[in-house]
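In what follows, chains carry the letters A, B, and so on, assigned in the order in which the sequence lines appear, proteins first and then strands, with residues in each chain numbered from 1.
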Amino acid sequence: MTPRVRFAPSPTGFLHVGSARTALFNWLYARSVGGTYVLRIEDTDAERNRRDLTDNLLAELEWLGLDWDEGPVFQSERQERHRQVVADLLERGLAYLCDAENREVSGSTLVDGLAVRFRMPAGQTMAFDDIVRGEVSFATDDLEDFVVWRSNGSPMFLLANAVDDADMGTTHAIRGEDLLSGVPKVLLLLDAIGAPHPTYAHLPLLVNEQRKKLSKRRDDVSIGDYRERGYLPEAMVNYLALLGWGPPDEVEVRPVSEIVDLFRIEDVNKAAAFFDVKKLEFVNATHLRGLDRADFLQRVAPWVGENAPWPAERFDAGVFSTMVDLVQEKLRTLADTPRFVDFLFLSDPVDDPESWEKAMVKGPAAAEILDGAAVALADCSWDVDSVLAAVAGVGESLGLKLGKAQAPIRVAVTGRTVGPPLFETMAGFMERDEVLRRIAQARARL
RNA sequence: GCCCCCAUCGUCCAGCGGCCUAGGACGCCGGCCUUUCACGCCGGUAACACGGGUUCGAAUCCCGUUGGGGGUACCA
């Protein structure tokens, strides 16, 4: 029997990183064993049954590259089937009607306005063998009767979940550990409808610095937000795969295709994992550096386009395209890009007080360096070597190494202490007059 | 409260009875390179929660303790 797994998110309007991780592991499992990956939308709650909430979810999954083989299947469209199952449970006495106060009401057929609860059998042990957790068991005596059908005429999560998995032929339920304690109830439901139990694999939770489950209130959990902050989908997927799993060869940053080849669900570990943005950044930077120029230009387009910190008419795509070689390897995220090149597309260098303080105030001989550079750069050849030699000469006359000597010039020209290689940038992409103008302007400010 | 799960460097992952004076990665701290930053390279910091067993031998198996987490809705 070929494995069938499903990712069954509840539409909340965005894709949570924890959900993305669950989706990824289901996808990895399916892709690694040649199984089928189905997408199911758990929207039994009327408030979540909104197409727009689902659309965004699907868009984010597509962005991550987690393509599904079947679906999306909407639970809300399967209500009639759910109703039949509940009616059957009621008729067989496995469930009962109850009012708003949870008092049992006699009757063996569905009644509008009344909920239905499943009757918890006494003295049973519900056990199952979880791929990641091993043998897990619950005593039904510790569990209570639970609602399977709402008084408003809709199915509850557990019921829809059990019925749909049974109907869809789900062989493996791979999901977050927060759902572990719901398993015995689902098993009972599955037994009641005569369906086989899927094999479970409960993934360790993703937690924050407080070791609490990632929550949308406190933590940055939206995949869309990471996308907007300049993270690459392949980096996101790569990093997420590293939470709860590790490649046998210890090579952490790699293409998703390799992860598919190496992934084994049995290797997933049990302990909760901290979502570490620092490491995500590292993974992202590594993938970013690996992009070829055309690919990089395409991905970075949103950050140098309309929302860029410079007037669109001053942007020079040709200059930027060439500058890419000088900045790409320095970036952590795509969003870092503008501040490495903005001085080229702005009429004046940006004003960065910290940089100014560091190079012009605290740094040595700022005035002398700028004065010297104004002279030396005025009549040297306008190429990288000559510009470098000119600045180096100014530094030597003041007893400064090139690193120190270039600092005030860098800040005068670009506005910042951090940026692309200075001489390459000046000689390659700026007019001599503009460089001299900025140096003079900075000198006047001292 | 009750039920369930978990426990190796600050963090993520490796280790699945001897190869462990515990390995890799991120971070951090040094150094080199050097036109800043970054990259790269070199080096360093730092962990088997605790207590009992089992065994010739335990980070690895068992029990307990402690700690953490999850669940306990007519949310999913």
Side-chain angles (χ1 to χ4, degrees), chain A residues 8-12 19 42-45 47-48 75 98-100 102 114-117 130 132-134 136-139 141-144 146-158 160-161 175-184 202 204-205 207 209-213 239 241-253 267 269-283 285-286 289 326-332 336 340 355 358-359 384 387-388 391-392 395 401-407 409-411 414 416-426:
Chain A
S10 166
T12 52
S19 299
E42 309 226 323
D43 58 350
T44 58
D45 184 7
E47 289 178 19
R48 305 190 192 218
Q75 277 189 332
C98 72
D99 61 23
N102 284 337
L114 289 183
V116 177
R117 312 193 123 226
D130 191 283
V132 343
R133 270 143 229 288
V136 180
S137 67
F138 295 80
D141 289 343
D142 291 323
L143 272 21
E144 298 178 346
F146 57 99
V147 175
V148 291
W149 189 255
R150 297 189 183 89
S151 55
N152 72 1
S154 62
M156 282 292 285
F157 158 67
L158 256 17
N161 191 272
R175 53 193 200 164
E177 198 208 310
D178 51 341
L179 298 176
L180 186 61
S181 48
V183 175
H202 285 89
L205 256 22
V207 299
E209 43 286 299
Q210 277 85 239
R211 296 257 120 203
K212 305 256 192 232
K213 182 168 74 160
Y239 177 62
L242 261 19
L243 297 177
W245 177 84
D249 58 8
E250 298 194 320
V251 176
E252 296 186 317
V253 181
D267 292 340
N269 56 208
K270 317 171 207 269
F274 170 61
F275 186 83
D276 186 356
V277 180
K278 281 272 183 57
K279 184 141 184 181
L280 203 213
E281 274 185 20
F282 165 78
V283 174
T286 307
R289 276 197 297 278
L326 265 26
V327 307
Q328 187 175 347
E329 68 172 14
K330 300 171 185 293
L331 308 172
R332 304 285 285 181
D336 288 338
F340 276 91
S355 292
K358 189 176 177 189
V384 179
V387 169
L388 185 156
V391 173
K401 287 174 63 176
L402 192 52
K404 291 291 183 189
Q406 60 88 47
I409 300 171
R410 176 183 293 280
V411 172
T414 73
R416 296 191 175 88
T417 50
V418 176
L422 186 59
F423 311 124
E424 283 79 351
T425 305
M426 292 196 302

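With both pairing distances under 3.5 Å, B:G43 is matched to B:C29 as a Watson-Crick or G-U wobble pair. B:U60 is unpaired under the criterion used here, namely a Watson-Crick or G-U wobble arrangement in which both key atom distances are under 3.5 Å. Under the Watson-Crick and G-U wobble criteria, each requiring two contacts below 3.5 Å, nucleotide B:A49 is paired to B:U65. Of the nucleotides present, none pairs with B:U36 by Watson-Crick or G-U wobble criteria with both distances under 3.5 Å. Taking a pair to require two hydrogen-bonding distances under 3.5 Å in either a Watson-Crick or a G-U wobble arrangement, B:A22 remains unpaired. Nucleotide B:U54 is matched to nothing when pairs are restricted to Watson-Crick or G-U wobble geometry with both distances under 3.5 angstrom. Across all strands shown, B:U72 pairs with B:G1; the Watson-Crick or G-U wobble distances both stay below 3.5 Å. Base pairing analysis places B:A14 opposite nothing; no Watson-Crick or G-U wobble pair with both distances below 3.5 Å involves it.
To the nearest 0.5 angstrom, A:Asp178 atom CG is 8.0 Å from A:His202 atom NE2. Here A:Phe423 contributes atom CZ and A:Ile409 contributes atom CD1; the two are 6.5 Å apart, rounded to the nearest 0.5 Å. From A:Arg211, atom CZ reaches atom NZ of A:Lys213 across 15.5 Å, with rounding to the nearest 0.5 Å. With values rounded to the nearest 0.5 angstrom, A:Thr417 atom OG1 is found 9.5 Å from A:Gln406 atom CD.
Rounded to whole Å, the distance from CG on A:Asn161 to P on B:C74 is 17 Å. If you measure from atom CE of A:Met156 to atom C1' of B:C75, you get 7 Å, rounded to the nearest angstrom. Atom NE2 of A:His202 and atom C1' of B:C5 are 11 Å apart (whole Å). Separating the CG atom of A:Leu143 from the P atom of B:G70 is a distance of 19 Å, rounded to the nearest angstrom. For A:Asp178 and B:A73, the CG to P distance is 15 Å, given to the nearest whole Å. The CG atom of A:Leu180 sits 11 Å away from the P atom of B:C4 (whole-angstrom rounding). For A:Leu179 and B:A76, the CG to P distance is 12 Å, given to the nearest whole Å. The nearest whole Å value for the distance from the CZ atom in A:Arg133 to the C1' atom in B:G69 is 10 Å.
Considering only side-chain atoms of A:Asn102, the nucleotide from B:C4, B:G71, B:C74 that sits closest is B:C74. Of the listed nucleotides (B:C3, B:C26, B:A76), B:A76 has the atom at the smallest distance from the side chain of A:Ser10.
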Next on the checklist: Apply ring pair (Phe, Tyr, Trp, His ring centres under 6.0 Å) to residues A:Tyr239 and A:Phe275 and explain how you reach the verdict.
Outcome noted: CA-CA 9 Å; A:Tyr239 177 62; A:Phe275 186 83; 5.4 Å; yes
Checklist entry - Are A:Thr414 and A:Arg410 close enough, and set up right, to give a side chain to side chain donor-acceptor pair (under 3.5 Å), and what steps lead you there? => result CA-CA 6 Å; A:Thr414 73; A:Arg410 176 183 293 280; 5.3 Å; no
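A:Ala100 comes within 4.0 angstrom of a nucleotide base, judged by non-hydrogen atoms across all strands.
Comparing B:C48 with B:A22, their P atoms are spaced 11 Å from each other, to the whole Å. Comparing the P positions of B:C20 and B:G64 gives an interatomic distance of 32 Å, to the nearest angstrom. Separation of the C1' atoms belonging to B:A14 and B:U60 is 13 Å when rounded to the nearest angstrom. Between B:C16 and B:G30, the two C1' atoms lie 37 Å apart (nearest whole Å). Rounded to whole Å, the C1' atom of B:G69 lies 27 Å from the corresponding atom of B:C74. Annotation: B:C13 and B:A7 have their P atoms spaced 11 Å apart (nearest Å). Using C1' as the reference atom, B:C26 and B:C4 are 32 Å apart when rounded to the nearest Å. Rounded to the nearest Å, the gap between the P atom of B:C63 and that of B:C28 is 41 Å.
Checked for salt-bridge contact, A:Glu144 and A:Arg117 miss the test: no charged N lies under 4.0 Å from a carboxylate O.
Close to B:G69, at under 4.0 Å from its OP1 or OP2, lies no side-chain N or O of A:Lys213. A:Thr44 has a side-chain polar atom (N or O) that falls below the 4.0 Å cut-off from OP1 or OP2 of B:A76.
Residues A:Glu42 and A:Asn161 come closest through the heavy atom pair OE2-ND2, 3.4 Å.
Of the residues near RNA chain B, A:Lys212 and A:Leu280, the one whose nearest nucleotide (by heavy atom distance) lies more toward the 5' end is A:Leu280.
Residues forming a side-chain contact (heavy atoms from CB on, under 4.5 Å) with A:Asp142 (at least two apart in sequence, or on another chain): A:Ala139.
No side-chain donor-acceptor contact under 3.5 Å links A:Asp336 to the backbone of A:Leu331. Here the side chain of A:Arg175 pairs no donor or acceptor atom with the backbone of A:Leu180 at under 3.5 angstrom.
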Checklist entry - Along nucleotides 32-51 of chain B, 5' to 3', which nucleotides get a B, which get an S, and which get a -, given that the test is a protein heavy-atom distance under 4.0 Å? => result ---BBBBSS-----------
Next on the checklist: Does the protein touch nucleotides 7-15 of chain B at the base, only the backbone, or not at all? Give it as B, S and - per nucleotide, heavy atoms under 4.0 Å.
Outcome noted: S---SBSS-
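With respect to A:Arg150, the side-chain contact (heavy atoms from CB on, under 4.5 Å) criterion is satisfied by exactly one of A:Leu114, A:Val116, A:Thr44: A:Thr44.
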